[in-house]
Trainee: 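Provided herewith is a single structure, encoded as structure tokens, for subsequent inquiry.
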Amino acid sequence: MRNVSALAAGRRHSVGRRWDGTVLAVGNGAADECQVEHWEDVVAVAAGNVHTANNTGKSHTVGLRSDGTVLATGWNGDGQCDVAAWREVMAVAAGWRRTLGLLANGTVLAAGRNSEGQCDVQPWREMVALSCGDWHSVGVRADGSALAVGINRRGQCAVDDWRDLAAVGAGYLHTVGLRSDGRVLATGDRTTGACDVDGWEDLVALAAGSYHTVAVTAFGRVLAAGDNSHGQCEVTDWRDVVAVAAGSTHTLGLRADGTVRSAGNNTDGQCAVDSWYISNADKLHYVK
């Protein structure tokens, strides 16, 4: 089974996979990260994200096609878009200057910067899910345990004792994990509040932005914690949401009717998604 992701949020752009396999993108496309208009047969998208700072901004976009091949566009300064030769990929994740691909055999491919060890995923086996933060990478194994590589200065890679996981999300300095019982684990920098998720329950999906965490409940409500300086956590009135994506300072939510909500920083037009129609809820989870 191939994991399907319909939304992705980067530093200054947003990406959506439509029901017919085509892709939409809005925001700053100075590095060609929004050049997706010719993509077809895409089942999952990912966007390279990095915390907002004066020396950050360039990004890239990744698309997984139904045949297991991978597309990429945008900034390629570290080879993060050199994925054309990848085959039998089941899921993709994109971080600052890198791309990860989960293969059908449970191993992981990596392209891009590895100065901090964030691409040291060659030993990983039996993986089922991936996420990329700024400088660290996290994965879930088939037995529900977690692995992490990269910078661990704030404890963002301290996931060795996590169990019973269904998904993970990696931000700038924190990591969150969704357990199969609908509760959340968190590790890393707690000064922003992004790890203040202890009371959350009945969750079905989550995402980690640079300094905030967002999750979807089984009832279609959205929860958020962490930095709200751009309004990226103002999602409490959202309803009927089935998936979320978190960028550096903005948040996206996909509703069951295929429309998309947004909150947060729109300086580069990354929240201009009101006209998007992505897909029906029954097409969001998996495709064969």
Side-chain angles (χ1 to χ4, degrees), residues 1-10 13 15-18 20-25 31-50 58-142 147-150 167-170 245 284-288:
M1 303 290 282
R2 179 165 290 112
N3 287 78
V4 174
S5 174
L7 289 179
H13 78 298
V15 186
R17 177 198 59 81
R18 299 179 67 225
D20 62 356
T22 60
V23 180
L24 301 168
D32 290 337
E33 54 265 70
C34 292
Q35 296 300 310
V36 297
E37 61 272 13
H38 299 300
W39 287 9
E40 297 178 344
D41 200 27
V42 171
V43 297
V45 290
N49 187 28
V50 63
K58 292 181 180 179
S59 188
H60 71 295
T61 301
V62 182
L64 172 63
R65 302 183 69 226
S66 65
D67 64 359
T69 60
V70 181
L71 303 169
T73 185
W75 184 36
N76 196 33
D78 292 275
Q80 58 265 44
C81 291
D82 294 342
V83 297
W86 290 6
R87 298 292 184 272
E88 298 184 1
V89 177
M90 304 295 288
V92 289
W96 180 232
R97 304 186 181 192
R98 76 187 179 286
T99 303
L100 299 182
L102 174 60
L103 296 181
N105 64 5
T107 61
V108 181
L109 298 175
R113 176 175 171 133
N114 194 35
S115 301
E116 295 74 27
Q118 60 268 53
C119 287
D120 290 340
V121 296
Q122 294 83 359
W124 290 8
R125 296 291 184 273
E126 299 178 351
M127 307 306 294
V128 296
L130 301 172
S131 184
C132 293
D134 273 32
W135 305 111
H136 71 296
S137 302
V138 187
V140 179
R141 300 183 68 215
L147 297 173
V149 293
V168 286
L284 295 180
H285 304 293
Y286 299 100
V287 293
K288 293 183 178 180

Trainee: What pairs of donor and acceptor atoms, side-chain ones from residues 124-131 against any protein atom, are under 3.5 angstrom apart with sequence neighbours left out?
Mentor:
unit_1: R125; atom_1: NH1; unit_2: Q122; atom_2: O; d: 2.7
unit_1: E126; atom_1: OE1; unit_2: R141; atom_2: NH2; d: 3.3
unit_1: S131; atom_1: OG; unit_2: A170; atom_2: N; d: 2.9

Trainee: Could you work out, with side chain to side chain contact (heavy atoms under 4.5 Å, CB included) as the rule, every residue matching D82, not counting sequence neighbours?
Mentor: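 Per chain and number, D82 pairs via side chain to side chain contact (heavy atoms under 4.5 Å, CB included) with N76.
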Trainee: How far apart are the closest heavy atoms of G16 and L7, and which atoms are they?
Mentor: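 In this case the closest contact between G16 and L7 is CA-CD2, 4.3 Å.
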Trainee: To check you understand the geometry: which heavy-atom pair defines the closest contact between A9 and A245, and what is its length?
Mentor: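 Closest heavy-atom pair between A9 and A245: N-CB, 4.0 Å.
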Trainee: Testing K58, R97, R98 one by one against D78 for a salt bridge (Lys or Arg N to Asp or Glu O under 4.0 Å), which residue passes?
Mentor: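 Of all the options given, the one that passes is R97.
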Trainee: Report the distance from atom CG of D134 to atom CD of E116, rounding to the nearest 0.5 Å.
Mentor: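 Separation between the atoms: 10.0 Å.
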Trainee: Within this structure, what is the CG-OG1 distance for the pair L24 and T22, rounded to the nearest 0.5 Å?
Mentor: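 Between atom CG of L24 and atom OG1 of T22 there are 6.0 Å.
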Trainee: For W75, which residues count as a ring pair (Phe, Tyr, Trp, His ring centres under 6.0 Å) partner, sequence neighbours excluded?
Mentor: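 Here the qualifying residues are W96.
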Trainee: Whether the side chain of R65 engages the backbone of E40 through a donor-acceptor N/O pair (distance < 3.5 Å, no angle test) should be reported.
Mentor: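 The answer is yes, because a donor-acceptor pair under 3.5 Å joins these two groups.
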Trainee: Measure across D41 and D67 and return the closest heavy-atom pair with its distance rounded to 0.1 Å.
Mentor: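 D41 and D67 have their closest heavy atoms at OD2-N, 4.5 Å.
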Trainee: Heavy atoms only: give me the nearest G63-V42 pair and the separation to one decimal.
Mentor: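 Of all heavy-atom pairs spanning G63 and V42, the closest is CA-CG1, 4.2 Å.
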Trainee: At their closest point, which heavy atom of T99 faces which heavy atom of W86, and how far apart are they?
Mentor: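 Nearest pair, atom of T99 first, then W86: O-CH2, 3.7 Å.
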Trainee: How many angstroms lie between atom CG of L64 and atom OG1 of T69, to the nearest 0.5 angstrom?
Mentor: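 Those atoms lie 7.5 Å apart.
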Trainee: N114 and C119: which non-hydrogen atoms are nearest, and at how many Å?
Mentor: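 Heavy atoms of N114 and C119 come nearest at OD1-N, 2.6 Å.
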Trainee: Quick one, L103 and V89 - any side-chain contact, counting heavy atoms below 4.5 Å?
Mentor: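 Contact flag for L103/V89 side chains = yes.
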Trainee: Could you list all the ring-ring contact (aromatic ring centres under 6.0 Å, His included) pairs where at least one residue sits in residues 97-117, not counting sequence neighbours?
Mentor: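 Counting only pairs at least two positions apart or across chains, no ring-ring contact (aromatic ring centres under 6.0 Å, His included) contact touches residues 97-117.
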Trainee: Got a donor-acceptor contact below 3.5 angstrom from the S137 side chain to the V149 backbone?
Mentor: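 Between the backbone of V149 and the side chain of S137 there is no qualifying donor-acceptor contact (under 3.5 Å).
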Trainee: Can you list everything that forms a side-chain hydrogen bond (donor to acceptor under 3.5 Å, both in side chains) with T61? Sequence neighbours excluded, please.
Mentor: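 Counting only residues at least two positions away or on another chain, T61 forms a side-chain hydrogen bond (donor to acceptor under 3.5 Å, both in side chains) with H13.
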Trainee: Apply side-chain contact (heavy atoms from CB on, under 4.5 Å) to R18 and V23, showing your working.
Mentor: CA-CA 6 Å; R18 299 179 67 225; V23 180; over 6 Å; no
Trainee: Output all residues satisfying side chain to side chain contact (heavy atoms under 4.5 Å, CB included) with Q35, sequence neighbours left out; order by chain, then residue number.
Mentor: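 Side chain to side chain contact (heavy atoms under 4.5 Å, CB included) list for Q35, sorted by chain: D32, E37, T73.
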Trainee: Hey, are the side chains of R113 and Q118 touching, using non-hydrogen atoms and a 4.5 Å cut-off?
Mentor: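 When only atoms from C-beta onward are counted, Q118 and R113 do touch, with a gap below 4.5 Å.
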